[in-house]
Amino acid sequence: GLRDDERAEFGKLAAIDKELGIRFKEAVDLAAQFNTELAAGVILKQIDPLQQQATAVLARFIALQAAHAAEATDAANSANRSMVAGIAAAGLGLLALAALTAWRITASITQPLGAAVAAAARVARGDLASDIPVSGRDEAAQLQAALRDMRSSLASMVAQVRQGAEAIDGASDEIAQ
């Protein structure tokens with residue numbers, strides 16, 4: 001729609017157009033009566049100034065339209081910049097959330113595996129007394145449970161071997177006496 005200042009200029013154009021219509025009719029009537037000098041006077045003294053006024057009003061209207069178009073363009077550009085900034089902020093937020101999620105997932109995998117590797121290293125060094133804690137129900141927890149069971153089985157075997165060695169030692173002492 002038109003703004004108030006544009007409507008005002010259109011109103012001026014309508015008034016000028018109405019006056020031009022009257023003056024053209026007057027010039028045509030005079031020309032039809034073969035009164036060309038008076039018709040030329042109406043054209044030069046009344047119609048030409050009205051045409052110049054109409055041209056000036058149209059120029060102001062065009063300038064108003066250009067200014068309003070520039071304002072609308074600036075508003076659209078500003079809204080666009082705001083939208084782009086919002087989308088960029090949301091994107092950065094999602095990126096940070098994705099990075100945090102990736103870090104948490106990585107930690108949830110590497111920490112239990114690190115504990116399992118440390119437990120396996122203790123068993124390999126001969127430490128069969130240390131407990132191997134199991135937390136969770138995932139594959140890493142299953143690995144920790146299997147390592148704990150292996151440690152318990154090895155500890156039981158070592159205990160049985162010791163008992164057997166002590167029994168042999170005791171029997172050999174008895175035979176030696």
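Numbers here are sequence positions counted from 1.
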With a 4.5 Å heavy-atom cut-off, do Gln33 and Leu30 have their side chains touching? yes
For Glu9 and Glu6, what are the C-alpha separation, side-chain angles and deciding distance, and is it a side-chain contact (heavy atoms from CB on, under 4.5 Å)? CA-CA 5 Å; Glu9 294 300 321; Glu6 292 170 331; 5.8 Å; no
Other residues, nucleotides and ligands only: do more than 12 of their heavy atoms fall within 6.0 Å of CG on Asp4? no
If Ile, Leu, Val, Met, Phe, Trp and Tyr residues are connected whenever their side-chain heavy atoms lie under 4.5 Å apart, and connections chain through other members, are Val123 and Met157 in the same group? yes
Do any side-chain atoms of residues 45-52 form donor-acceptor pairs under 3.5 angstrom with protein atoms, and if so which ones, sequence neighbours left out?
residue	atom	partner	partner atom	Å
Gln46	OE1	Arg23	NE	3.2

Nearest-0.5 Å distance, OG1 of residue Thr55 to CG of residue Leu13: 9.5 Å
List for me each residue that meets side-chain hydrogen bond (donor to acceptor under 3.5 Å, both in side chains) alongside Arg3, sequence neighbours excluded, and say none if there are none. His68, Glu71
Residue pairs meeting ring pair (Phe, Tyr, Trp, His ring centres under 6.0 Å), one or both in residues 86-125, sequence neighbours left out, come to none
Any idea which heavy atoms bring Ala140 and Pro112 closest together, and the distance? CB-CB, 3.5 Å
Ile105 backbone acceptor or donor facing Ser108 side chain under 3.5 Å: yes
Would you please test Leu2 and Gln65 for side-chain contact (heavy atoms from CB on, under 4.5 Å) and show each step? CA-CA 9 Å; Leu2 295 177; Gln65 285 282 296; 4.1 Å; yes
Do Leu154 and Leu147 sit in the same hydrophobic cluster, where Ile, Leu, Val, Met, Phe, Trp and Tyr count as joined when their side-chain heavy atoms come under 4.5 Å apart? yes
What pair of heavy atoms forms the shortest contact from Ala27 to Ile43, and how long is it? CB-CG1, 4.0 Å
So, does Thr101 use its side chain to make a donor-acceptor pair with the main chain of Leu97 at under 3.5 Å? yes
What distance separates Gln144 CD from Asp138 CG, expressed to the nearest 0.5 Å? 8.0 Å
Side-chain donor-acceptor distances from residues 130-137 under 3.5 Å, at least two apart:
residue	atom	partner	partner atom	Å
Ser130	OG	Asp127	OD1	3.2
Ser130	OG	Asp127	OD2	2.4

For Ala129, does its backbone N or O pair with a side-chain atom of Arg151 as donor and acceptor, under 3.5 Å? no
State plainly whether one hydrophobic cluster holds both Ile16 and Leu58, where clusters connect Ile, Leu, Val, Met, Phe, Trp and Tyr through side-chain heavy atoms under 4.5 angstrom apart. yes
Test item: Leu38 and Val42 side chains (from C-beta on) under 4.5 Å apart, heavy atoms: no
So if you build clusters from Ile, Leu, Val, Met, Phe, Trp, Tyr with side-chain heavy-atom gaps below 4.5 Å, do Leu20 and Leu44 land together? no
Below 4.5 Å, heavy atoms only, C-beta onward: do Asp5 and Phe61 meet side chain to side chain? no
Leu95 with Ile87, same ILVMFWY side-chain cluster at under 4.5 Å: no
Can you give me every donor-acceptor pair (side chain of residues 160-171, partner residue at least two apart or in another chain, under 3.5 Å) with its distance?
none

If you look only at pairs with a residue in residues 14-46, which of them pass as a ring pair (Phe, Tyr, Trp, His ring centres under 6.0 Å), with sequence neighbours excluded? none
